[in-house]
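We name chains A, B, ... by the order of the sequence lines, and we start the count at 1 in each one. Remember, it's a predicted structure, so these values are computed and weren't measured experimentally.
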There are 2 protein chains.
Amino acid sequence: MAQQVEAARRVPLNRDRVLRAAVALADDTGIESLSMRRLAQELGVVPMALYKHVANKEQLLDGMVDVVVGEIDPPAGGSDWKSVVRQRILSARRVLLRHRWASQVIESRTSPTPAVLEYLDSMIGMFRAGGLSLDLTHHVMHAMGSRLLGFSQELFDDSQSNASRSVDAEAQAVARRQMAGKYPHIAELAMTAAHDEESTVGRSCDDQFEFEFALDLLLDGFERLRQQGWTSANRPTKRPA
Amino acid sequence: MAQQVEAARRVPLNRDRVLRAAVALADDTGIESLSMRRLAQELGVVPMALYKHVANKEQLLDGMVDVVVGEIDPPAGGSDWKSVVRQRILSARRVLLRHRWASQVIESRTSPTPAVLEYLDSMIGMFRAGGLSLDLTHHVMHAMGSRLLGFSQELFDDSQSNASRSVDAEAQAVARRQMAGKYPHIAELAMTAAHDEESTVGRSCDDQFEFEFALDLLLDGFERLRQQGWTSANRPTKRPA
DNA sequence: ACCTGAACACCGTTCAAGT
DNA sequence: ACCTGAACACCGTTCAAGT
């Protein structure tokens with residue numbers, strides 16, 4: 001332990017070491033006690049040294065989110081779309097259970113990090129590959145965003161609007177093209193929403209409708225189970241406590 | 001405006017005025033800029049004056065949550081259970097949209113406030129009155145907790161475990177009886193979980209199973225829509241932008 | 001040119017000194 | 001007995017002074 005600290009002090013600080021130390025500290029002591037000063041102390045450096053690798057605390061938190069999201073397993077190919085999506089989401093859940101501060105931090109970000117966008121993009125791709133229409137995939141992503149994906153509803157909307165706020169039109173177009181290159185499925189979805197026959201400029205999508213879509217889907221499911229006299233007796237084998 | 005501030009200064013401070021001012025300040029300037037010092041300034045008092053009405057900032061946040069949850073409409077009787085639940089949840093959503101900081105604060109509480117417990121209790125009561133079995137209601141509440149209820153999955157579990165941590169057995173029993181009096185439906189549910197044939201002491205419930213229940217319910221719903229060639233063309237009338 | 005100690009403007013909360 | 005100014009132990013971040 002003391003040896004590790006010694007060794008760590010000798011290795012020159014870099015962004016990756018800063019982020020991993022921050023994740024470890026948050027895992028161990030909780031996100032509320034993660035401070036720039038405490039983190040610096042843990043790394044055996046003066047607080048100011050951190051500011052060479054992250055612009056500020058917000059960027060540190062962004063970086064920590066990317067580390068965590070990077071731990072989610074890549075999609076496993078082969079089976080039907082439901083199994084593939086299911087496996088991926090269960091992997092994400094395991095990751096978020098390992099880093100219990102992560103959901104809260106992800107939801108607190110004002111705009112999603114690249115790693116989060118990549119995760120969402122590949123998730124959309126899995127639905128599309130499974131044969132779901134663009135239209136259905138759009139609403140499905142919103143419904144999943146509730147909490148099963150690990151973060152909140154509004155995140156998905158913001159990936160568009162926040163990035164393009166207070167920037168001139170030309171820069172926006174460039175950003176959009178860059179985005180389409182990196183995240184084709186997100187771009188495809190955004191495009192459809194924009195070309196919607198009833199849409200006015202920048203309408204994007206109807207939050208209220210998305211919310212009710214998820215709600216009604218669940219409620220109808222509950223009612224169906226109710227009518228069938230559903231019971232949890234057919235629960236999978238439980239490991240003993 | 002200046003008159004209001006003058007008048008407010010004359011009225012003696014009480015807990016209710018402190019909480020309402022805190023809610024208004026969070027609504028206006030965001031939760032991150034709500035500080036004890038700033039709130040005191042807004043009320044025209046010295047920071048220390050607040051500590052006569054709330055023990056600390058955590059208790060202030062608890063009180064703010066109760067104010068917000070108190071704004072949710074009471075259940076409207078009469079119709080089928082789905083309409084009743086639907087209306088209530090849509091009311092809760094409207095409230096949380098008015099106070100955009102609230103979800104985050106509710107999820108950050110270490111144990112649920114009385115108002116939140118009351119809200120959950122009456123929600124359970126609505127499902128039970130609709131004819132859902134205790135068993136089904138249990139899983140339904142977990143599935144709803146995802147995000148549609150406005151706060152996270154784990155909250156519901158903690159209402160039991162957190163309250164009874166590091167307290168002797170006798171005090172626990174008293175607390176349980178008090179709880180059963182105030183929140184009969186929660187108590188009923190907790191009881192069933194405890195008497196589950198396979199349960200060991202304090203097993204409460206299988207988080208993993210609850211998560212997958214919600215997940216599979218949604219996924220099966222998506223697949224059904226997919227097979228039906230679902231489209232959002234039958235969307236309700238949209239108000240123009 | 002690079003690094004960093006001291007300082008700034010905050011924060012929640014305590015406590016002793018004042019009335 | 002009550003109230004509160006000053007103080008404490010923090011925080012993120014700036015910046016000028018040092019090498």
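No side-chain heavy atom of B:I89 sits less than 4.5 Å from a side-chain heavy atom of B:M126. The side-chain heavy atoms of B:W101 and B:V68, taken from C-beta on, include a pair separated by under 4.5 Å. Side-chain contact check for B:P47 versus B:M36: every heavy-atom pair is 4.5 Å or farther apart.
Taking atom NZ of residue B:K52 and atom C1' of nucleotide D:dA1, one finds them 12 Å apart after rounding to whole Å. Rounded to whole angstrom, the span from the CG atom of B:L50 across to the P atom of D:dT4 amounts to 12 Å. In this structure, CG of B:L39 is placed 14 Å from C1' of C:dC11, rounded to the nearest angstrom. Separating the NE2 atom of B:H53 from the P atom of D:dC2 is a distance of 13 Å, rounded to the nearest angstrom.
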Can you give one letter per nucleotide of nucleotides 12-19 of chain C, going 5' to 3': B for a protein heavy atom under 4.0 Å from the base, S for sugar-phosphate only, - for none? BBBB----
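Partner of B:E71 under the salt bridge (Lys or Arg N to Asp or Glu O under 4.0 Å) criterion, out of B:R94, B:R20, B:R98, B:R93: B:R98 alone.
Taking CG of A:L34 as the start and CD of A:E42 as the end, the distance is 10.0 Å to the nearest 0.5 Å. Atom CD of B:E118 is separated from atom CG of B:D66 by 9.0 Å, given to the nearest 0.5 angstrom.
C:dG5 is paired with D:dC15 under the Watson-Crick or G-U wobble criterion, all donor-acceptor distances under 3.5 Å.
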